[in-house]
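For reference, the structure is listed below as structure tokens.
The chains referred to below are lettered A, B, ... by the order of the sequence lines, with proteins before strands, and numbering in each begins at 1.
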Amino acid sequence: MPRSPDFGGFTEPAILILTSLARGPAHGYAIVRDVEELAGVHLGPGTLYAAISRLEGRGLIEALEPQDRRRPYRITGAGEELLRARLRTLERVAQVGLDRLEPT
Amino acid sequence: MRLVALFPRSWRRRYGEEFERLLEETELSPGDLLDLVRGAWDAHIRPQPHLSLGGDEMAMSLTRGLWSAAAALAALVLMVVLVNVPSLWTLNLDPTIIGSAVAAAIFGAAAGALWWWGWLQPLWVLFALLAVRNLELALVGLLVTLPDRALAPLYRNLRPTGYGWLPPTLVEVAAGIALVVVLARFLRLRLVTAVIIGLALELLVGPSDLSLIRFLVLHGLNEFLSFISPVVQGPAMGAPGRLQSAMLDPLSYVAFVGPVVWAVVLKEIALRPAERAVPQPLARGYLAFIRARWAPLAALVVIVVLARFQLPAYLASDVVVNPARFVPSGTDLQAQFRDCLKAYGVDLPVGANTKTAPIPNGVGQRCANIINKYPSQVKGRPLPVPAQVTAGGVTYTITSIRVAGSLLKIDWQASGRPIDEFAAVAYPPRPLSTTLSPTDPRSPSYRFELLQRQYLRAEVLDRTGSRIQGNGGGGDLPRTKPYTWHGQTNALLPGAGEYTLQFGCVSPPPAPTSKGSSDGVCIGGPIATIAIAVSG
């Protein structure tokens, strides 16, 4: 079985951040709010920046010019590709799990 | 406290500003604070490659480090010279205190000059730190060692024969931490960080009995260094020779390693890397070490563990102390010393002694150490223990008699009214409010001198009543009731036979002088004797 793409730890927050950035560039606070709305998950400041640091280090997101001490981030092509692959896997897993939960 | 300070510097440089902006916009819950700490920990132990410092910057750090090392070495030599300047010996004050004060002035002047002319930026900070550290050491030294010292009421009477160690130690540690806290503003340290760094440095290289370097000194480092010393002590060594010996003797440097390490560590924290291109290859090894951020911490832990547990055992082992496995024998300490020197390749001419013949320090120290420690290290063969005797209100009890070759080792105890009376003076319920001179009959040291001469002198005599040469010994009075003096007496026997252990004197001796007893002569007959039979 081929190894799945690596986020270097903080996998779930990384997927949530990439999902948030798939809508467009956003800075840290906006990402936190967006993730709370879309997934009901609160990203603490330590978790958020641990994941951002990993994503940036792996070229999955990139920083834009800061505005008023806020630095927006944008998802890269590699980030989109990885997010797409990971979400498809999750989709399959979700589908299989739901099927198995259905009464036979 | 700025929470972003919990993160590594390289991380702060990249994310610090936006992270602080995020914290300003967020109402942090306790869970968020825990999450922040977890994130900071992660940033320390899993540094991301894109945040690492550049090779040029690391190379610059290395260059600065080399400059610092050279300056630190020069400072070390200068401090050794200062405390051995002959003119300082004539002052009625600890040369180390004077040396520290003079070093503070010199380093302060050097730092000021370099700063004024803008030269060698890494060095003036180091010299400035050395100046303040030496000044602090001199002031604390004055505080705890001057006659009628300010701290005397705190630690007097902890031991009957002198002052204790704990309060001065705490003062030294507190002063060291306070100095770093005061410097924190200039060193760009936060209060908590300054306290932690100050405490860590005091526990590693501070002058107090609690520090690692003092622990090593007390557990064999001094002896080890004296063994490897190339210095040769000879007759009539003048001032220049003494200064030269001090500079060649590694022992001289131990006391000053702490201040220099202290200053170097703080300097590295104080300075920021300068922007300047230097060749990359210089930095590669250093960079690899720094990138593994846990490595310096792990190295520190390894050093502490080795220094606390492995090094003292090695320093006390035969490999270091007695590599020739010399065993003292015979009934003459001079002959033992001569034999030991021979075992280590030094032939003392007939009729010569340590004051008239040049003897390498290392060999002399080694032999003195072997002969002095032999009685406590050798186990020996047990002999029957005689019954206790009582005389002059003191009961003498022999607890153990052992023989190893010519060495007779006797452990004994003394208890009774005179011991209790002395203990009441030595261990008062509360410290005295004034310092008593050693010549004052109320002082513990005066009373101890009397007690020792009257009741605690112990000698081994042969059949004719002649005194057998001793080899060390001593005693202690534990601070527990009922008070009992625990003594040890060693003698070098000419052979098997009947001997007598004799305690004390009947007549009070002359009053001790301000410098303590010099002769210790017993003026009077014995008050207690115990017969000892040594089988062949």
Side-chain angles (χ1 to χ4, degrees), chain A residues 5-18 20-21 25-37 39-76 78-79 82, chain B residues 1-58 190 192-193 287-288 290-295 297:
Chain A
D6 181 23
F7 289 107
F10 290 85
T11 303
E12 187 187 341
I15 292 175
L16 291 171
I17 291 168
L18 287 176
S20 175
L21 294 180
H27 52 73
Y29 183 68
I31 294 172
V32 171
R33 298 295 302 271
D34 190 42
V35 168
E36 279 178 352
E37 283 178 17
V41 172
H42 173 70
L43 291 178
T47 300
L48 174 70
Y49 270 87
I52 284 179
S53 177
R54 282 165 168 74
L55 291 170
E56 189 182 16
R58 283 160 180 74
L60 303 177
I61 62 173
E62 61 188 3
L64 303 177
E65 279 303 306
Q67 301 159 358
D68 187 24
R69 295 168 59 219
R70 294 189 184 105
R71 186 186 291 275
Y73 290 91
R74 176 171 62 196
I75 190 167
T76 63
L82 185 58
Chain B
M1 176 184 175
R2 290 166 61 211
L3 293 167
V4 72
L6 295 171
F7 289 81
R9 193 174 65 189
S10 59
W11 192 97
R12 291 200 307 269
R13 191 163 47 188
R14 171 63 186 81
Y15 297 111
E17 196 169 2
E18 58 187 284
F19 190 72
E20 284 195 311
R21 184 76 172 90
L22 173 70
L23 296 184
E24 288 167 12
E25 291 176 312
T26 309
E27 281 189 27
L28 291 178
S29 66
D32 285 337
L33 284 175
L34 285 176
D35 182 81
L36 188 149
V37 172
R38 177 174 165 239
W41 173 249
D42 174 79
H44 277 286
I45 64 169
R46 293 192 187 86
Q48 299 301 304
H50 69 292
L51 299 179
S52 65
L53 298 175
D56 288 353
E57 201 169 331
M58 283 298 107
R190 301 189 182 289
V192 175
T193 313
L287 183 60
I290 295 298
R291 270 182 177 163
R293 286 168 192 273
W294 49 267
L297 183 63

Check your understanding: Of the non-hydrogen atoms in B:Asp35 and A:Gly46, which two are nearest, and what is the gap between them?
Key ->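 Looking at all heavy atoms of both residues, the shortest contact is OD2-N, 2.7 Å.
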
**Study point:** Heavy-atom neighbours of A:Arg69 CZ exceed 12 at 6.0 Å
**Key:**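 Yes, enclosed.
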
Review point. In terms of the angle between their ring planes, are B:Tyr15 and A:Tyr73 parallel, tilted or perpendicular, with boundaries placed at 30° and 60°?
Key: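 The rings of B:Tyr15 and A:Tyr73 sit tilted, inter-plane angle from 30° to 60°.
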
[atom1]-[atom2] distance between [X] and [Y], expressed to the nearest 0.5 angstrom:
| X | Y | atom1 | atom2 | value |
| --- | --- | --- | --- | --- |
| B:Glu18 | A:His27 | CD | NE2 | 10.5 Å |
| A:Glu56 | B:Arg14 | CD | CZ | 4.0 Å |
| A:Tyr49 | B:Trp11 | OH | CH2 | 7.0 Å |

Review point. Which atoms of B:Glu24 come close to chain A, meaning under 4.5 Å heavy atom to heavy atom: side chain ones, backbone ones, both, or neither?
Key: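 The side chain, not the backbone.
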
Review point. With only heavy atoms counted, which part of B:Leu28 is less than 4.5 Å from chain A, the side chain, the backbone, both or neither?
Key: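 Contact with chain A is through the side chain of B:Leu28 alone.
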
Practice item. Return yes if some donor-acceptor pair links the side-chain N/O of A:Arg70 with the main-chain N/O of B:Arg21 below 3.5 Å, else return no. Key: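 Side chain of A:Arg70 to backbone of B:Arg21: no pair is present.
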
**Study point:** Top of B:Leu36, B:Leu23, B:Asp32 for chain A proximity - count of heavy-atom pairs under 4.5 angstrom
**Key:**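 Counting heavy-atom pairs under 4.5 Å, the top option is B:Asp32.
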
Check your understanding: Which bit of A:Pro45 is near chain B, if near means a heavy-atom gap under 4.5 Å: side chain, backbone, both or neither?
Key ->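 It is both, since atoms from each part get that close.
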
Point to revise | Set of side-chain hydrogen bond (donor to acceptor under 3.5 Å, both in side chains) partners for A:Gln67, sequence neighbours left out | key: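 By the side-chain hydrogen bond (donor to acceptor under 3.5 Å, both in side chains) rule, A:Gln67 matches no residue at all.
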
**Study point:** Residues of residues 28-36 of chain A within contact distance of chain B, non-hydrogen under 4.5 Å
**Key:**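 Under the 4.5 Å heavy-atom cut-off, A:Gly28, A:Tyr29 qualify.
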
